[in-house]
Amino acid sequence: MKQFEQSELLKSLPKQFFASLVSKVAKVIKEGHDVINLGQGNPDQPTPPHIVKALQDASENPNYHKYSPFRGQAFLKKAAAAFYEREYGVLLNPEKEVAILFGGKAGLVEIPQCLLNPGDTVLVPDPGYPDYWSGVELARAKMEAMPLKKENDFLPVYEEISEEVKQKAKLMFLNYPNNPTGAVATASFFEKTVEFARQYDTCIVHDFAYGAIGFDGQKPISFLQTPGAKEVGIEIYTLSKTYNMAGWRIGFAVGNESVIEAINLLQDHLFVSVFSGIQQAAAVALLESQNCVDELVERYESRRQVLIHGLREIGWDVEAPPGSFFAWLPVPKSYTSEEFSDLLLEKAHVVVAPGIGFGEYGEGYVRVGLLTDEDRLKEVVDRIAKLNLFKKYVDNSF
Ligand SMILES: Cc1ncc(COP(=O)(O)O)c(C=O)c1O
C-alpha cells in the first residue's frame, strides 16, 4: 500500500515518552505477571449514578439528536458559572466568559493556536503535563521551561526567569494541584502571577484539572479568585477527575472574554459542540449534590495515607502530596527515574511513571497514581519492601 508522507507539522510533534513504557508493561503482563499499574492518570472509579442516569434520560430527547449549538448549550454555560460562584465565589458571564470544551486537553491544545504566531514564546512548567508541549508545537511556537523545584514547593520562581524570556513570553501554562508533583498553589503565588502577567503582557492559562482534589481539609484555590486574574487569563476546568468522567470528554474554559472568544472561534471551525445529552449530564454533575466529590476526595486521602505511611515504614523517605491524585517520590540516588521504574516493573511488577517523561526537572522522581484500592496499595508496599532498597528509617510522624 502506498505510504503517504506525514506533514512537517505532524513530524514535528513531540514523541510520546510514555509509549515505550506502555509496551514494556504489556510485555510483563503477557509473561503472566500480576501487574499493578500506578503509572497512569485514569480515574478508577465509575461516574456517580445520578450523572449516568441524567445522560440516559437526556439521550431520549429528540432535540439532542440534532446538531448541538456550535458554542455549546446555554444551560451548561450557566451551570459552569453557577459552579464557579458556589465553589469559589467567582462571578462569570455565562455567554462571554465560559467556553465548552471536549475535555480539558482540547482547550489546552487549542489555546496556543488561538493566541500565538510561529516563533512566539510560551512558558511551561517543568516537570509538567506533556499535552502543553503538543499545543505549543502545533502552533509552531517556542517553549521555555519554568523549573518546579522541591525547595520552592514546586512553584516556579519568576525572579529566576531571564528578563529577555519574560519580555517575550506571550503565554504561560500553570497547573495546581499539580500533575505530576501533587503541589498546590498559594494565594500569594497567584497574586505574583497576575503581577507578572500585567508587567509582561502574558496570558495565563491555569489548568485546574485537579481542582477538586485537596487533602488535609484544604480546598485548592482557583486562579480566578485572585484579584485581576480575569483580566490576564483563563482557567481550564474538566469534569474528568472531579466526577470520574474522563471518558465523557467534557470540560470548560472560564475567564478572560477575549480568550474565550478566541477559543469559541477556533472551535467554530473545528467542531460542532459536544453531544447535548453529555452537556445535560455535565450540568447535573455541576449543580446537584457534591457528596460524590467529598467521598472521592476522602477515598484518595485514605489511599494516600496507606501508600505514604507504608513506604515510610519500609524506609523510603517520601512526602505526602497536598493535592491531586499523584504522589511524587524521589528515586534512590544510584538510579535514573527510568532505571528505577524499569526495576519496579521487572522485579515488583509495579508500574510508576518515570519523572523524566514530564521534563528535565522531573529527573530524580517517579510519579505514582493513587488509582487503585487500599489493599492493592498495601501489596505495592509489600512488593517494594521485598526489594530491600531502603534503609529502615524511623520518623513516621505522618
Ligand atoms: C494536568 C492535566 N491537565 C489536563 C488533563 C486533561 O484532562 P481531560 O482532557 O480529561 O479533561 C489531565 C488529564 O490527565 C491532566 O493531568
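Any value given below was found using the heavy atoms of this structure, including those in side chains, with hydrogens, waters and symmetry copies removed. Heads up: numbering here begins at 1 and tracks the sequence. Whatever order the structure lists ligands and atoms in, that order sets their numbers, starting from 1.
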Can you confirm whether more than 12 heavy atoms, excluding those of Lys347, are under 6.0 Å from its NZ atom? no

Only heavy atoms of Leu108, strictly under 4.0 Å: list the atoms of ligand 1 that pass. 3 (N), 4 (C)

Atoms of ligand 1, numbered as shown, that sit under 4.0 Å from any heavy atom of Gly103: 9 (O), 11 (O)

Within 6.0 angstrom of Glu319 CD, more than 12 heavy atoms from elsewhere: no

Does the plane of the ring in His206 sit parallel, tilted or perpendicular to the ring in Phe208? Use 30° and 60° as the thresholds. tilted

Between Gly104 and ligand 1, is there a nitrogen or oxygen pair with a distance under 3.5 Å? yes

Is it true that Leu101 lies under 4.0 Å from ligand 1, counting heavy atoms only? no

Of Gln6, Glu137, Arg140, which meets side chain to side chain contact (heavy atoms under 4.5 Å, CB included) against Ser12? Glu137

Please verify whether a non-hydrogen atom of Phe102 lies at under 4.0 Å from ligand 1. no

Examine distances only and state if a side-chain atom of Lys77 and a backbone atom of Arg71 form a donor-acceptor pair shorter than 3.5 Å. yes

Do Phe18 and Phe358 make the cut of ring centroids closer than 6.0 angstrom? yes

Give yes if a backbone or side-chain nitrogen or oxygen of Asp207 is under 3.5 Å from a nitrogen or oxygen of ligand 1, and no if not. yes

Which atoms of ligand 1 have any heavy atom of Ala209 under 4.0 Å away? 2 (C), 3 (N), 4 (C)

For Arg249, the ligand 1 atoms whose distance to one of its heavy atoms is below 4.0 Å: 8 (P), 9 (O), 10 (O)

The closest protein heavy-atom partner of atom 13 (C) of ligand 1 is Lys241 NZ, 2.9 Å

Taking both backbone and side-chain atoms of Tyr132, is any N or O found less than 3.5 Å from an N or O belonging to ligand 1? no

Answer yes or no: are there more than 12 heavy-atom neighbours, outside Lys30 itself, under 6.0 Å from its atom NZ? no

Going by the angle between their ring planes, with limits at 30° and 60°, are Tyr365 and Trp328 parallel, tilted or perpendicular? parallel

Identify the protein heavy atom lying closest to atom 6 (C) of ligand 1, giving its residue, its atom name and the separation to 0.1 Å. Tyr129 OH, 3.4 Å

In ligand 1, which numbered atoms sit nearer than 4.0 Å to a non-hydrogen atom of Lys105? 6 (C), 8 (P), 9 (O), 11 (O)

For Ser240, counting its heavy atoms only, list the atoms of ligand 1 lying under 4.0 Å from any of them. 8 (P), 10 (O), 11 (O)

Might you confirm whether atom CD of Glu31 has over 12 heavy atoms from other residues, nucleotides or ligands at distances under 6.0 Å? yes

Note: heavy atom closest to atom 11 (O) of ligand 1, options Thr238, Ile236, Ile250, Asn175, belongs to Thr238

